[in-house]
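Before any comments, here is the structure.
In this text, all values refer to a predicted model and were calculated from it rather than measured experimentally.
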Amino acid sequence: MAVEVVETGPVRWVVRVTRDYTVPQGLSDTPDRRSAARSELCVETIGELRRGEDMLRLSVSFVNGMRDHRLRMHIPLPHRVDESASESQFAVVRRPLTAEGGWGEHPIPTYPAYGFVSAGPVTVLLDHATEYEVVDSEELAITVLRAVGSISRNVHPYRDEPAASEIPVPGAQSLGETITARFGVVLSPQGWERAEAVRRSEHFRGEALVVRGTGSGAELPTLPRGVQVDGTGVAVSAIRPTGGGTEVRLVAMSDNPVVATVSGPFTEVETIDLLGGPLGSEPATAGRHEMRLAPWEIRSIVLRSVT
């Protein structure tokens, strides 16, 4: 293992950890056993702290040369936990440490996560959908890569019947490809809500793109005013132009009512249903509008400039 301090500046601090692992090259002739042949897997992990952020940014990357395996990042928890929570579609789902089985399926406590996953005081922000498991109540294991060679298997140790046909999908092995996964680790004794995981996950996934300019001495143009959404526990699932206005879909990601504040270049706010039909409208004051959302409510609005 090699540890290298890359940056120690006033804006950010970066360390690189490089480690080699000896792993099986794939499966043996018996599908339920690993191959005896081994190869080296070099994994590079970059840790980054930024000024003004109480979060550790992690980037894990490697070139995958092995078949039929799962690689997970394990994050130790400060103490034992008895449940976890993860962002799902328009919801945050709380789960126990054991899974439900039955109907021919073995209960495997591996669950999906979209924007973040939380266990006790540790909340991990994600840049793409993945899966996770709380191991032995004291480690949070997040899947970085699941390399599989077929859609399903006819003979499966954890299922009486296959989930689908045994059709080869060689591209799903990601052989020879560079795999990179980014995470943001936030600590909060009160869990994901006090860690502001909803807001942080949106910022983490939508980081600004930085491009070095080539001109000199020119003044920067005045940027047009856009739409801004504020509110603790308020998520924005979509923004798109439509019918002479801007459609915004808001989600209250909380067990309690929340207040969403929308501001921008508009004078009217129209509430619509999921098919785009009008439900009512009201004027906005100075390009600002507040609305109260019920717990887990999904609301679509259209912002228009009416002269």
Side-chain angles (χ1 to χ4, degrees), residues 1-6 14-48 56-77 84 86 97-99 105-114 117 119 122 124-159 162-164 166-185:
M1 182 176 70
V3 180
E4 175 189 4
V5 177
V6 180
V14 180
V15 63
R16 179 188 293 115
V17 178
T18 306
R19 187 168 184 175
D20 293 328
Y21 297 87
T22 302
V23 298
Q25 292 182 354
L27 298 177
S28 66
D29 295 335
T30 303
D32 294 338
R33 297 290 183 271
R34 296 291 182 186
S35 169
R38 297 290 193 270
S39 294
E40 295 297 315
L41 179 66
C42 180
V43 179
E44 180 185 83
T45 302
I46 295 179
E48 178 183 348
L56 172 64
R57 294 174 178 263
L58 295 175
S59 175
V60 180
S61 62
F62 59 93
V63 177
N64 182 47
M66 288 71 180
R67 301 175 179 270
D68 300 297
H69 73 107
R70 178 177 64 175
L71 183 69
R72 303 197 294 185
M73 181 182 71
H74 287 245
I75 299 177
L77 303 175
S84 64
S86 68
L97 302 184
T98 57
E105 290 193 30
H106 183 81
I108 301 176
T110 302
Y111 303 114
Y114 173 59
V117 57
V122 176
V124 180
L125 311 179
L126 309 171
D127 69 346
H128 64 278
T130 186
E131 63 182 16
Y132 75 94
E133 177 185 353
V134 177
V135 181
D136 297 331
S137 303
E138 54 191 16
E139 282 190 337
L140 182 58
I142 303 176
T143 297
V144 176
L145 171 69
R146 179 187 283 274
V148 295
S150 62
I151 292 179
S152 184
R153 290 172 53 184
N154 291 333
V155 179
H156 200 294
Y158 294 120
R159 297 179 67 102
E166 193 168 328
I167 299 175
V169 284
Q173 298 279 16
S174 300
L175 295 175
E177 296 183 16
T178 299
I179 308 299
T180 301
R182 296 169 52 247
F183 307 95
V185 182

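Contact check for F62 versus L71: side-chain heavy atoms found under the 4.5 Å cut-off. Under the 4.5 Å side-chain criterion, counting only non-hydrogen atoms from C-beta, V15 is not in contact with I46. In this structure, V60 and R182 have side chains that are not in contact, with every pair of non-hydrogen atoms separated by 4.5 Å or more. Looking at S61 and I179, their side chains never come closer than 4.5 Å, going by heavy atoms from C-beta outward. Counting heavy atoms from C-beta on, the side chains of L175 and R67 come closer than 4.5 Å. With a 4.5 Å cut-off on side-chain heavy atoms, I75 and V185 count as touching. Inter-residue side-chain proximity for L27 and R34 is flagged as met; some heavy-atom pair is nearer than 4.5 Å.
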* Yes or no on side-chain contact (heavy atoms from CB on, under 4.5 Å) for L58 and E48, after CA distance, side-chain angles and deciding distance? -> CA-CA 6 Å; L58 295 175; E48 178 183 348; over 6 Å; no
* Report the C-alpha separation of S137 and L97 in whole Å, then their side-chain angles, then the decisive distance to 0.1 Å, and conclude whether the side-chain contact (heavy atoms from CB on, under 4.5 Å) test is met. => CA-CA 7 Å; S137 303; L97 302 184; 3.1 Å; yes
* Asked: Would T178 and N64 count as a side-chain contact (heavy atoms from CB on, under 4.5 Å) if you check the C-alpha gap in whole Å, the side-chain angles of each, and the deciding distance to 0.1 Å?
  -> CA-CA 6 Å; T178 299; N64 182 47; over 6 Å; no
* R57/V14 under side-chain contact (heavy atoms from CB on, under 4.5 Å): CA gap, chis, key distance, verdict -> CA-CA 9 Å; R57 294 174 178 263; V14 180; over 6 Å; no
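Annotation: side-chain contact (heavy atoms from CB on, under 4.5 Å) contacts of A129 (sequence neighbours excluded): Y114. For R16, the side chain to side chain donor-acceptor pair (under 3.5 Å) criterion is met by E4, E44, not counting sequence neighbours. Under the side chain to side chain donor-acceptor pair (under 3.5 Å) criterion, N154 pairs with E166, sequence neighbours left out. With sequence neighbours excluded, the residues satisfying side-chain contact (heavy atoms from CB on, under 4.5 Å) with P112 are R95. Shown here are the side chain to side chain donor-acceptor pair (under 3.5 Å) partners of S39, two or more places apart in sequence or in another chain: Q25. Scored by the side chain to side chain donor-acceptor pair (under 3.5 Å) test, D127 finds no partners at all (sequence neighbours excluded).
The two residues E139 and P76 come nearest to each other via the heavy atoms CG-CA, 4.2 Å. Of all heavy-atom pairs between T98 and Y111, the closest is O-OH, 3.1 Å. When all heavy atoms are compared, the tightest approach of A172 to V148 is CB-O, 3.4 Å. In terms of heavy atoms, P162 sits closest to R153 at CB-O, 3.1 Å. Closest approach of P109 to E133, counting heavy atoms only: O-CG, 3.3 Å. When all heavy atoms are compared, the tightest approach of A119 to L77 is O-CD2, 3.8 Å.
One finds the CD1 atom of I142 at 12.5 Å from the OG1 atom of T110 (value rounded to the nearest 0.5 Å). The distance from atom CZ of F183 to atom OG1 of T45, rounded to the nearest 0.5 Å, is 9.5 Å. Atom OG1 in T180 sits 11.0 Å away from atom CG in L145 (nearest 0.5 Å). From L126, atom CG reaches atom OG of S86 across 9.0 Å, with rounding to the nearest 0.5 Å.
In summary, E40 and R19 do not engage in a salt bridge, as defined by a charged side-chain N under 4.0 Å from a carboxylate O. Ion pairing of R146 with E131 is present here, as a side-chain N (NZ or NE/NH1/NH2) and a carboxylate O approach within less than 4.0 Å.
For the pair R38 (side chain) and S35 (backbone), a donor-acceptor distance under 3.5 Å is present. Put simply, the side chain of S152 gets close to the backbone of A163: a donor and an acceptor are under 3.5 Å apart. Between the side chain of S28 and the main chain of R33, a donor-acceptor pair closer than 3.5 Å is present.
Of the N and O atoms on the side chains of T143 and Y132, not one donor lies less than 3.5 Å from an acceptor on the other residue.
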